[in-house]
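First comes the structure, then the notes that go with it.
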Protein chains: 2
Amino acid sequence: MAPQLGDKIRELRTKQNLLLRQVASKLDVDTSIISKMERGERPIKKEQVATLAEILNADKQELLTLWLADQVMDVIKDEQFADEALKSVTKKIKKGK
Amino acid sequence: MAPQLGDKIRELRTKQNLLLRQVASKLDVDTSIISKMERGERPIKKEQVATLAEILNADKQELLTLWLADQVMDVIKDEQFADEALKSVTKKIKKGK
DNA sequence: CTTGTCTTGACAAATATTGGCTAATATAAT
DNA sequence: ATTATATTAGCCAATATTTGTCAAGACAAG
């Protein structure tokens, strides 16, 4: 199953032997913030995702899609009629909105 | 296509010849707020949807589903990879999250 | 022109979000 | 065990967003 964006970022970072503080300085935020982002404790801003893709040499589109999926999940988690609503939205956007 | 929640509410209200201020008082908000809710200019709170279903003798589940679809739309509108993200989320929730 | 309904915009108060700091906790090496 | 480095947790202040209230405007009916 598709991971959450935070998991993906941590995976990319550790595979390249980068430290939190190294990524943090490039992203210009405190180390603790990145740590929280990776663990899903803090939301990640869209522009930050793009920057992270560059820092980590990752596919920007892939990360942005994960990011968006996280946003959607935030909205529908714990919702009883999530499936119905998703279906309806899917239809709607296929028609060019 | 499924209407937005606001449209549906206005439809229900006018068909029953109810005035904004009548619904407003039952919902305990200012008239202007309802007006904006119906036109999608102000977000509607989840609890308010349930109350509105009672006031308007509508199906609570239907309204809540419309409400949720609106929430999702807010997130994905203007997003390039909306379809991809939606697909992934749909899969994820089918597996019981 | 008066009345009633609905809409709109401006404003302030309340709430939420954000990031930084610092201290605490791991983890690893010697 | 001590040192060095990495990560995480908690709290605070600044900022942004949301919220409701109010007054004024638009519009139609009589």
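Basis for what follows: all heavy atoms, side chains included, without hydrogens, waters or symmetry-related copies. Computed from a prediction, not measured in an experiment: that's the story for all the values here.
Considering A/L52, A/L56, A/L18 as possible partners of A/L12, the one that fulfils the side chain to side chain contact (heavy atoms under 4.5 Å, CB included) test is A/L56.
Ranked by how close their nearest DNA chain C nucleotide is to the 5' end, B/R39 and A/D28 are led by B/R39. Position along DNA chain C of the nearest nucleotide to A/V29 versus B/L18 favours B/L18 as the more 5'-ward residue.
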query: Reading nucleotides 11-16 of chain C 5' to 3', which nucleotides get B (base under 4.0 Å from a protein heavy atom), which S (sugar-phosphate only), which -?
result: ------
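Rounded to whole Å, atom P of C/dT22 lies 10 Å from atom CG of A/D30. The CD-P distance, from A/E41 to D/dT7, rounds to 15 Å in whole Å. Between the P atom of D/dA9 and the CE atom of A/M37 lies a distance of 16 Å, rounded to the nearest Å. Atom CD in A/Q22 sits about 12 Å away from atom C1' in D/dT5, given to the nearest Å. To the nearest angstrom, P of D/dT7 lies 14 Å from CD1 of A/I9. Summarising the geometry, the separation between CD1 on A/I34 and P on D/dT7 is reported as 11 Å, rounded to the nearest angstrom.
Between C/dG19 and A/Q48, a contact under 4.0 Å exists linking OP1 or OP2 to a side-chain N or O. A sub-4.0 Å separation between OP1 or OP2 of D/dT8 and a side-chain N or O of A/S35 is present.
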query: Yes or no on side chain to side chain contact (heavy atoms under 4.5 Å, CB included) for A/L64 and A/Q61, after CA distance, side-chain angles and deciding distance?
result: CA-CA 5 Å; A/L64 282 172; A/Q61 163 167 353; 5.8 Å; no
message: One pair to check against side chain to side chain contact (heavy atoms under 4.5 Å, CB included): B/I9 and B/I44. What are the steps and the verdict?
response: CA-CA 11 Å; B/I9 287 175; B/I44 307 178; 4.1 Å; yes
message: What verdict does the side chain to side chain contact (heavy atoms under 4.5 Å, CB included) test give for A/D74 and A/K77, after you've listed the backbone C-alpha separation in whole Å, the side-chain angles of each residue and the deciding distance to 0.1 Å?
response: CA-CA 6 Å; A/D74 269 357; A/K77 69 169 188 293; 3.8 Å; yes
message: Let's go through B/I55 and B/Q22 carefully: what are the C-alpha distance in whole Å and the side-chain angles of both, what is the deciding distance for side chain to side chain contact (heavy atoms under 4.5 Å, CB included) to 0.1 Å, and is it a yes or a no?
response: CA-CA 10 Å; B/I55 296 173; B/Q22 295 176 303; over 6 Å; no
When you compare the protein's N or O atoms with those of nucleotides 28-30 of chain D, which come within less than 3.5 Å of each other, and at what distance?
none

Write out a two-atom table: protein N or O, nucleotide N or O from nucleotides 2-5 of chain C, distance below 3.5 Å.
| from | atom 1 | to | atom 2 | distance (Å) |
| --- | --- | --- | --- | --- |
| C/dT5 | OP1 | B/R21 | NH2 | 2.6 |
| C/dT5 | OP2 | B/R21 | NE | 3.2 |
| C/dT5 | OP2 | B/R21 | NH2 | 2.7 |

Table of protein N/O atoms under 3.5 Å from nucleotides 24-30 of chain C N/O atoms:
none

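Closest to the A/T31 side chain, of the nucleotides C/dG9, D/dT8, D/dC11, is D/dT8. With distances taken from any side-chain atom of A/I33 to the nucleotides D/dT21, C/dG19, C/dC6, the minimum falls on C/dG19.
Here A/K45 lies in heavy-atom contact (under 4.0 Å) with sugar-phosphate atoms only. No contact: B/E38 has no heavy atom under 4.0 Å from any strand.
Nearest heavy atom pair, residue A/A82 against residue B/I93, reads CB-CD1, 4.1 Å.
The base of C/dC6 has none of its N or O atoms less than 3.5 Å from a complementary donor or acceptor on the side chain of B/S32. Scanning atom types as modelled, one donor and one acceptor separated by under 3.5 angstrom connect the side chain of A/K36 and the base of D/dG10.
A salt bridge links B/K46 with A/E79; the closest basic N to acidic carboxylate O contact falls under 4.0 Å. Ion pairing between a basic and an acidic side chain is recognised when a charged N comes within 4.0 Å of a carboxylate O; A/R13 and A/E38 show such pairing. Contact check on B/K8 versus B/E62 returns a salt bridge, with a Lys/Arg side-chain nitrogen under 4.0 Å from an Asp/Glu carboxylate oxygen.
Shown here is A/D59, whose CG atom has more than 12 heavy atoms of other residues, nucleotides or ligands within 6.0 Å. Counted within 6.0 Å of CD on A/Q80, heavy atoms from surrounding residues, nucleotides or ligands total 12 or fewer; the atom is thus considered open.
Side-chain N or O atoms of A/S88 include none that pairs as donor or acceptor with a backbone N or O of A/E84 at under 3.5 Å. In this structure a side-chain-to-backbone donor-acceptor pair under 3.5 Å is present from B/D70 to B/L5. Judged by distance alone, with hydrogens and angles left aside, the side-chain atoms of A/K60 form no donor-acceptor pair with the main-chain N or O of A/E54 at under 3.5 Å.
Comparing the start and finish of the helix from C/dC1-D/dG30 to C/dT30-D/dA1, five pairs each, the helix axis swings through 30°, to the nearest 10 degrees.
Using a 4.5 Å heavy-atom threshold, the side chains of A/I76 and B/Q71 count as separate.
With sequence neighbours excluded, the residues satisfying side chain to side chain donor-acceptor pair (under 3.5 Å) with A/S35 are A/R39.
There is no path of hydrophobic side-chain contacts, each under 4.5 Å, that joins A/I34 to A/L19.
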